[in-house]
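For reference, the structure discussed in these notes is given below.
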There are 4 protein chains.
Amino acid sequence: MATTTAPGTASRQNADAEARNAREDVRTRQLLDAAARLMQQTGSHQVSMKAIADEAGVSVGLIYRYYDSKEALVRAVIIGVLDEMAYNIPRAIEPVEDPVRKVAAAFTAYAEVIRDNRRATLLTYRETASLDRESQDLIKNLEMQTGQPMLQATQGAIEAGLFRRMNARVFSYDLLLIAHSWALKFWYFSERMSFEDFVSTQLSIALYGALLPEYHDTYADLLAGPQPPADKQ
Amino acid sequence: MATTTAPGTASRQNADAEARNAREDVRTRQLLDAAARLMQQTGSHQVSMKAIADEAGVSVGLIYRYYDSKEALVRAVIIGVLDEMAYNIPRAIEPVEDPVRKVAAAFTAYAEVIRDNRRATLLTYRETASLDRESQDLIKNLEMQTGQPMLQATQGAIEAGLFRRMNARVFSYDLLLIAHSWALKFWYFSERMSFEDFVSTQLSIALYGALLPEYHDTYADLLAGPQPPADKQ
Amino acid sequence: MATTTAPGTASRQNADAEARNAREDVRTRQLLDAAARLMQQTGSHQVSMKAIADEAGVSVGLIYRYYDSKEALVRAVIIGVLDEMAYNIPRAIEPVEDPVRKVAAAFTAYAEVIRDNRRATLLTYRETASLDRESQDLIKNLEMQTGQPMLQATQGAIEAGLFRRMNARVFSYDLLLIAHSWALKFWYFSERMSFEDFVSTQLSIALYGALLPEYHDTYADLLAGPQPPADKQ
Amino acid sequence: MATTTAPGTASRQNADAEARNAREDVRTRQLLDAAARLMQQTGSHQVSMKAIADEAGVSVGLIYRYYDSKEALVRAVIIGVLDEMAYNIPRAIEPVEDPVRKVAAAFTAYAEVIRDNRRATLLTYRETASLDRESQDLIKNLEMQTGQPMLQATQGAIEAGLFRRMNARVFSYDLLLIAHSWALKFWYFSERMSFEDFVSTQLSIALYGALLPEYHDTYADLLAGPQPPADKQ
DNA sequence: AATGAATGAGTGTTCATTCAT
DNA sequence: TATGAATGAACACTCATTCAT
């Protein structure tokens, strides 16, 4: 982001500005992390600004230098969580070529991010409703953006004639939701299967719903679902 | 429940007790409705006991005659919502015989209840986390109970040799979740399709994945998804 | 209290009135007892009208038929306690003839009533201040009245030439106060001596100061204070 | 406490900490005074936190920065009162040598402190019961500590062969209680005698109860009780 | 930039009192 | 006479927000 600057007086100001920006970034991160950590446990309403300040090791007053209000901070926390997801998911997909395996990779990547941010995911479900319209719209956009890779992979598989013609938007949205369900219904799934089994079970179900029967053999490994542990002989 | 009683003191007491119970039920309903109405808009934390009292047309004090605390009221609201769902869904399914159409009927019934209680559904997602362990367990039980008809329908279709052998629990859980998505992602779906199209699209995807290919023709109507409006001629 | 009434129609009304009075007396007693029982444990402010009603086995509304307000009830409780003391103490003194032993008997009687109404005694100390002027004056009168027998006994001993000429009012007041101290400082005395030793110790000190030295021998038993248990040999 | 510090950051922190402590002490005093002032009139239950805040000229919230709860504040008020007494009484006694006059000086000092804190004294009687066990124990300790000088003076007089052998604990406790009676029965005594007469009357009575007759002459001035005003001629 | 003392509106909750039955 | 549902003012306490330092 920061461009290279020529040395001299002008750069002096630049350097200062950069230093300030850097410090502000650190502060911002520090505050968001502290807030997220606390809110994930009990929701934003149970967490006071004082508690966040303490957790971040700063004073209450300082928070207001970076965020106008508690709501602004809550918004930033949620958007931060979604942002990170929107950033991490595409990174996890790219290398795969085969359209169907691309869908599978996207789902796996998405699910893993959810797994790693389980409580943060729940936070977005719980807290979004208490934000103002504008923030909610922003969040919806982020969510759609996050779902973009999955949608493109699905459309790719359809165009490649591997998936049947169907509503790609709905199908990919379902996949995202099902990935979320690891967080939403963690109490249910985590007692019944490992995360890996969850992913392969869900993938199997979903791909059966999309793959044309003539390709069932080609992707038999994905359709098979969780396998018993390999023979240890 | 009340047995026929000879006239006199005994029946007198019965009548009194019944009258009291009736009055209490009315109050309870009145309070739950008012609370649900307000909480659906913004979540329980933004709603004060005074506001609920006003909405219900009673005094604050009276609420505490029926609920020990705000948390108890919130819990009752949520459980009330889930209870109603648990009651309505089985009612909407029964008549169907064909196992596959039974699954379809269950999904449709479930989705319709969600549609009719959209905000209440969101409420359960938002508020459950702030209740105590015990209430959460109660809610989980209710949820699993609500899902029972769907699970049985799925298992029926598998045993009838119509559905692939697969993890029936996960499949039926996914169906419930997808029905929920009409509430969770209303902003997304409602702008893109009607509720009926949502249902038939989702059913088409799910059943395509579950039905053995040899039965695709038999249930072609379900797999087809939403159809263009019939010729208006 | 109730006078005999001639038979006839007039007496009918009388009978009714008497019955009513009797019932009211029972109620009054029932309520005062319940209230006193609860208030002695924690003070009037911690006790709600509902709690008193429950303890008395009646409804809240009924209390208001007999007492205009909570304050009126508190007042009645305190006055009831003092009344009972004012009634019991003179009864316990009468038989004694010797002026000095009369003082001793009065003190003992007073102390025993205090011992038997320890918590009620504390109640009067705690609650009197929160009553209105009028009630406080009434209570002061009662207290002075209760102290009358002690004052008379003291004056008798002085006039009989057994006690020094001194301020009889102050002396007898001190005796009352010292009897109270069994309640006021129960935590102190009860750990250090029996009630009987408390009484004889206090008597010994007080009488030693009041008796003219030439009578010390005559009342040596009272001046001796608590004695070791009689030789069991 | 503060050691001399070289100038620089360390002393800076010290100065800050000291300034803060000083400010906190001022606040504490301000709050305790306001609370005591109000509570002495009607007891802690009739005084709201808002009223205390107003009386102290601060906001309600600020009180909670210094005291965790209303009970904590009440406790602090009572303990503050007792503390001050425990501090003042020994100071008023020291100089006297003669054992009997030492007892007299102790009583006078104690009574004067009571006189100067009459309402506060009543407060301790009224409010102690509503505190928790721990606070009550603390208060009992304070009270016993406050009584220590009187006990020692009494024991001194006994050992010097001036007082008769008796229970010194009980005797000195009686003296304290009798000093309290200026507060407890102010309405009685204040109408009948001046504070000075109260003290000398009580001293006279008490010393008669303790002094061996052979020393009556030596302390005739103390035993005489209140004297008519000196000839104004 | 950073602190944290101070504010005061707002909350959940209690409870004396009333009154229709 | 007796009930207890209903009221609503009052309370202790919290916490987002401000601002002097």
Side-chain angles (χ1 to χ4, degrees), chain A residues 19-20 23-24 27 44-54 57-74, chain B residues 16 19-20 23-24 26-27 44-54 56-74, chain C residues 19-20 23-24 27 44-54 57-74, chain D residues 16 19-20 23-24 26-27 45-54 57-74:
Chain A
R20 181 159 53 246
R23 200 165 351 114
E24 288 190 357
R27 283 285 187 223
S44 70
H45 293 285
Q46 336 281 356
V47 177
S48 70
M49 295 297 266
K50 177 72 168 57
I52 295 169
D54 288 350
V58 301
S59 68
V60 236
L62 193 63
I63 301 182
Y64 283 87
R65 194 157 272 286
Y66 294 94
Y67 298 98
D68 282 349
S69 64
K70 190 181 181 184
E71 185 179 349
L73 178 56
V74 172
Chain B
D16 280 4
R20 181 161 51 249
R23 206 169 344 116
E24 288 189 357
V26 169
R27 283 287 186 222
S44 69
H45 293 287
Q46 338 277 356
V47 177
S48 71
M49 293 300 265
K50 177 72 169 59
I52 295 170
D54 288 350
V58 301
S59 66
V60 230
L62 192 64
I63 301 181
Y64 285 87
R65 185 164 275 282
Y66 295 93
Y67 297 98
D68 280 350
S69 63
K70 189 180 183 184
E71 183 177 352
L73 178 56
V74 172
Chain C
R20 180 159 55 247
R23 197 161 359 108
E24 288 189 358
R27 284 284 188 225
S44 70
H45 293 286
Q46 337 280 354
V47 177
S48 70
M49 294 298 266
K50 178 73 168 56
I52 295 169
D54 288 351
V58 300
S59 67
V60 236
L62 193 63
I63 300 182
Y64 283 86
R65 195 157 269 286
Y66 294 93
Y67 298 98
D68 281 350
S69 65
K70 190 181 181 184
E71 186 181 348
L73 177 56
V74 172
Chain D
D16 280 5
R20 180 160 54 249
R23 208 173 337 120
E24 288 189 358
V26 169
R27 282 288 188 222
H45 293 287
Q46 335 279 356
V47 178
S48 71
M49 293 300 265
K50 177 72 169 59
I52 295 170
D54 288 351
V58 302
S59 67
V60 226
L62 191 65
I63 300 181
Y64 286 88
R65 186 163 275 281
Y66 294 93
Y67 298 97
D68 280 349
S69 63
K70 189 181 181 183
E71 184 177 353
L73 177 56
V74 172

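These figures come from a predicted structure and were not determined experimentally.
As a whole-Å value, the separation of B:D54 CG from F:dT7 C1' is 13 Å. B:I52 places its CD1 atom 10 Å from the P atom of E:dT13, with the value rounded to the nearest Å. When rounded to the nearest whole Å, the span between CE of B:M49 and P of F:dC11 equals 20 Å.
Residue D:R23 places none of its side-chain N or O atoms closer than 4.0 Å to OP1 or OP2 of E:dA6. Using a 4.0 Å cut-off, no side-chain N or O of A:R27 falls inside it from OP1 or OP2 of E:dA1.
For D:R65, the side-chain contact (heavy atoms from CB on, under 4.5 Å) criterion is met by D:L62, not counting sequence neighbours. Partners of C:Q46 by side-chain hydrogen bond (donor to acceptor under 3.5 Å, both in side chains), not counting sequence neighbours, listed by chain and number: D:H45.
The nucleotide whose nearest atom lies closest to any side-chain atom of B:V58 is, among F:dC11, F:dC15, F:dT7, F:dT7.
Atom CG of A:L73 sits about 11.0 Å away from atom CG of A:D68, to the nearest 0.5 Å.
Comparing D:K50 and C:G57 along DNA chain F, the residue whose closest nucleotide (by nearest heavy atom) sits nearer the 5' end is C:G57. Comparing D:S59 and C:Q46 against DNA chain E, the residue whose closest nucleotide sits nearer the 5' end is D:S59.
For DNA chain E, the neighbouring residues in residues 61-74 of chain C, judged by any heavy atom under 4.0 Å, are C:Y64, C:S69, C:K70.
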Let me have the donor-acceptor pairs involving side chains of residues 47-54 of chain C, under 3.5 Å, with sequence neighbours excluded, atom names and distances please.
from: C:S48; atom 1: OG; to: C:A51; atom 2: N; distance (Å): 3.1
from: C:K50; atom 1: NZ; to: C:D54; atom 2: OD1; distance (Å): 3.2
from: C:K50; atom 1: NZ; to: C:D54; atom 2: OD2; distance (Å): 2.9

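Looking only at side-chain heavy atoms (C-beta outward), A:K70 and A:I63 stay at 4.5 Å or farther from each other.
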- Item | Secondary-structure notation, DNA chain E, from Watson-Crick and G-U pairs under 3.5 angstrom (| other strand) | .||||||||||||||||||||
